[in-house]
Colleague: 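Before I ask anything, here is the structure I am working with.
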Amino acid sequence: MTPDLSVSIAGIRLKNPVIAASGTFGYGVEFEDVVHLDRLGGFVVKGLSREPMIGNPPPRLFETAAGMLNSIGLQNVGARAFIEEKLPKLREIKGAVIIANVFGYTREDYEKTIEILNEGEGITAYELNVSCPNTQHGGIQFGSDPRLLDEVVRSSRRFSPRPLIVKLSPNVTSIGQMAHIAQEAGADAISLVNTFVAMSIDVKTRKPRIANVTAGLSGPAIKPIAVRMVYEASKSVQIPVMGMGGISTAADAIEFMLAGASAVQVGTANYWDPRATEKIVGELSRWCAEHEVPRIAELTGALQP
Ligand SMILES: Cc1cc2nc3c(=O)[nH]c(=O)nc-3n(C[C@H](O)[C@H](O)[C@H](O)COP(=O)(O)O)c2cc1C
């Protein structure tokens with residue numbers, strides 16, 4: 001049996017549910033030599049802002065038990081340079097699903113960034129990053145305040161002719177409430193989780209491991225919390241959910257799908273294995289064949305009581 005791995009999310013048909021997560025896969029082009037980009041469900045490019053950003057000072061990465069802290073601070077080339085310098089190369093990859101991750105300090109920033117990106121041909125969808133924990137303003141502030149979330153999603157919706165995926169922060173009390181707000185404000189899908197606000201200290205020097213002091217925790221360490229949040233969010237909305245947080249194997253991906261995800265994203269795993277996404281696609285096909293699952297889409301929300 002050759003299982004059907006295709007899934008549909010926000011009106012987009014993906015050949016499989018595996019998507020590379022923003023910030024862990026560059027602009028896609030950097031992975032061209034190691035991953036067949038057209039064999040992935042898709043990939044999300046690094047968060048893009050209206051103007052280029054240099055990010056936070058180093059050290060910005062630190063490995064923790066089964067995880068990683070990062071405080072990159074949204075370093076990126078800016079939306080304009082992305083469409084002029086990166087997108088033409090990405091367009092050459094036939095069948096690639098390119099999702100642009102959008103970041104802003106203000107609501108107007110989100111609108112302007114989307115306006116610039118609208119000029120770029122070949123972008124499949126936008127993922128609105130309202131959940132970055134590593135900037136002084138913007139990002140997570142939108143994702144952790146119900147009123148601000150409603151406003152930024154509503155206005156971005158007006159500016160976006162493309163499917164809009166809203167990436168939620170796990171640093172909230174009720175993920176179900178935030179998911180519902182994003183849906184009501186016009187999101188076509190939601191994705192979660194972004195990183196958890198965290199901190200680590202070098203006890204010898206008594207200094208924080210990360211220059212910005214706090215940072216975002218990702219990787220296998222966060223997976224059980226992420227699965228729980230995907231489960232709660234998916235019960236609160238009718239729109240599709242993309243799940244992520246510590247996925248590095250096909251079984252991890254399936255766990256998120258059973259919890260309610262229609263597709264998954266793979267982030268930190270790309271750091272120790274740049275081929276992780278493509279490997280998971282192969283593993284998923286074998287897993288479905290072995291477990292007699294003809295269509296992977298039927299696993300979404302199929303958690304047994
Ligand atoms: C180094 C690094 C940079 C990231 N940059 C972004 C970003 O620009 N935009 C965004 O929405 N998420 C960003 N993220 C969050 C990831 O996309 C993902 O939500 C998170 O890491 C959880 O998934 P994982 O455990 O598989 O890494 C970043 C994560 C890491 C580790």
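All ligand and atom numbering here is 1-based and tracks the order in the structure. Treat the numbers as computed from the prediction; the structure is a model and nothing was measured.
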Colleague: What about Asn129: any of its N or O atoms under 3.5 Å from an N or O on ligand 1?
Modeller: yes
Colleague: Considering the heavy atoms of Leu74, write down every atom of ligand 1 situated less than 4.0 Å from one of them.
Modeller: 8 (O)
Colleague: Pick whichever of Gly143, Ala20, Gly23 has a heavy atom sitting closest to atom 3 (C) of ligand 1.
Modeller: Gly23
Colleague: Below 4.0 Å from ligand 1: does a non-hydrogen atom of Phe103 turn up there or not?
Modeller: no
Colleague: What residues, two or more places apart in sequence or in another chain, satisfy side chain to side chain contact (heavy atoms under 4.5 Å, CB included) together with Ser236?
Modeller: none
Colleague: Nearest protein heavy-atom contact for atom 30 (C) of ligand 1: which residue, which atom, what distance?
Modeller: Asn70 ND2, 3.3 Å
Colleague: Can you find a pair of side-chain heavy atoms, one from Phe25 and one from Val44, that are under 4.5 Å apart?
Modeller: no
Colleague: Specify the protein heavy atom at minimum distance from atom 26 (O) of ligand 1: its residue, its atom name, and the distance to 0.1 Å.
Modeller: Gly267 N, 3.0 Å
Colleague: Quick one: nearest non-hydrogen protein atom to atom 21 (O) of ligand 1, plus distance?
Modeller: Ser218 CB, 3.3 Å
Colleague: Apply side chain to side chain donor-acceptor pair (under 3.5 Å) to the pair Gln177 and Glu232, showing each step before the final yes or no.
Modeller: CA-CA 9 Å; Gln177 181 197 16; Glu232 286 180 1; over 6 Å; no
Colleague: Quiz question: by atom type and distance under 3.5 Å, do the side chains of Ser169 and Ser144 form a donor-acceptor pair?
Modeller: no
Colleague: Do ligand 1 and Met68 have nitrogen or oxygen atoms that lie under 3.5 Å from each other?
Modeller: no
Colleague: Can you tell me the protein heavy atom closest to atom 13 (C) of ligand 1 and the distance?
Modeller: Ser22 O, 3.1 Å
Colleague: Do the side-chain N and O atoms of Ser49 and Asn76 include a donor-acceptor pair separated by under 3.5 angstrom?
Modeller: yes
Colleague: Quick one, Phe142 with Tyr110, criterion ring pair (Phe, Tyr, Trp, His ring centres under 6.0 Å). Give me CA distance, side-chain angles, the key distance, then yes/no.
Modeller: CA-CA 11 Å; Phe142 288 100; Tyr110 281 96; 5.3 Å; yes
Colleague: Less than 4.0 Å between a side-chain N and a carboxylate O, is that true for Glu151 and Arg147?
Modeller: yes
Colleague: Where the closest heavy atom to atom 15 (C) of ligand 1 is concerned, which of Thr24, Leu128, Asn194, Ile72 has it?
Modeller: Asn194
Colleague: Tell me, which protein residue and heavy-atom name are nearest atom 1 (C) of ligand 1, and how many Å apart are they?
Modeller: Tyr271 OH, 3.2 Å
Colleague: Are Glu255 and Lys223 close enough for a salt bridge, meaning some N to O gap below 4.0 Å?
Modeller: yes
Colleague: Compare Asn101, Thr195, Val102, Val264 and give the one whose heavy atom is closest to atom 11 (O) of ligand 1.
Modeller: Asn101
Colleague: Would you tabulate the side-chain donor-acceptor contacts of residues 12-23 under 3.5 Å, counting partners in other chains and residues two or more places apart, or write 'none'?
Modeller:
from  : atom 1 : to    : atom 2 : distance (Å)
Arg13 : NH2    : Ser6  : OG     : 3.4
Lys15 : NZ     : Asp38 : O      : 2.7
Lys15 : NZ     : Gly95 : O      : 2.9
Asn16 : OD1    : Val18 : N      : 3.0
Asn16 : OD1    : Gly41 : N      : 2.9
Asn16 : ND2    : Arg39 : O      : 2.8
Ser22 : OG     : Val45 : O      : 2.8
Ser22 : OG     : Gly47 : N      : 3.4

Colleague: For ligand 1, find out whether one of its N or O atoms is nearer than 3.5 Å to an N or O atom of Lys46.
Modeller: yes
Colleague: Any N/O of Thr268 closer than 3.5 Å to an N/O of ligand 1?
Modeller: yes
Colleague: To the nearest 0.1 Å, how far is atom 12 (N) of ligand 1 from its closest protein heavy atom, and which atom is that?
Modeller: Lys167 NZ, 3.0 Å
Colleague: Under 4.0 Å between a Lys/Arg side-chain N and an Asp/Glu carboxylate O for Asp202 and Arg206?
Modeller: no
Colleague: Any nitrogen or oxygen of Gly219 lying under 3.5 Å from a nitrogen or oxygen in ligand 1? Just yes or no.
Modeller: yes
Colleague: Less than 3.5 Å between some nitrogen or oxygen of Gly246 and one of ligand 1, yes or no?
Modeller: yes
Colleague: Are any of the N/O atoms in Val266 less than 3.5 Å from those in ligand 1?
Modeller: no
Colleague: Decide, yes or no, whether a salt bridge links Arg80 with Glu51 under the criterion of side-chain N to carboxylate O below 4.0 Å.
Modeller: no
Colleague: Is Val193 in contact with ligand 1, taking contact as a heavy-atom separation below 4.0 Å?
Modeller: yes
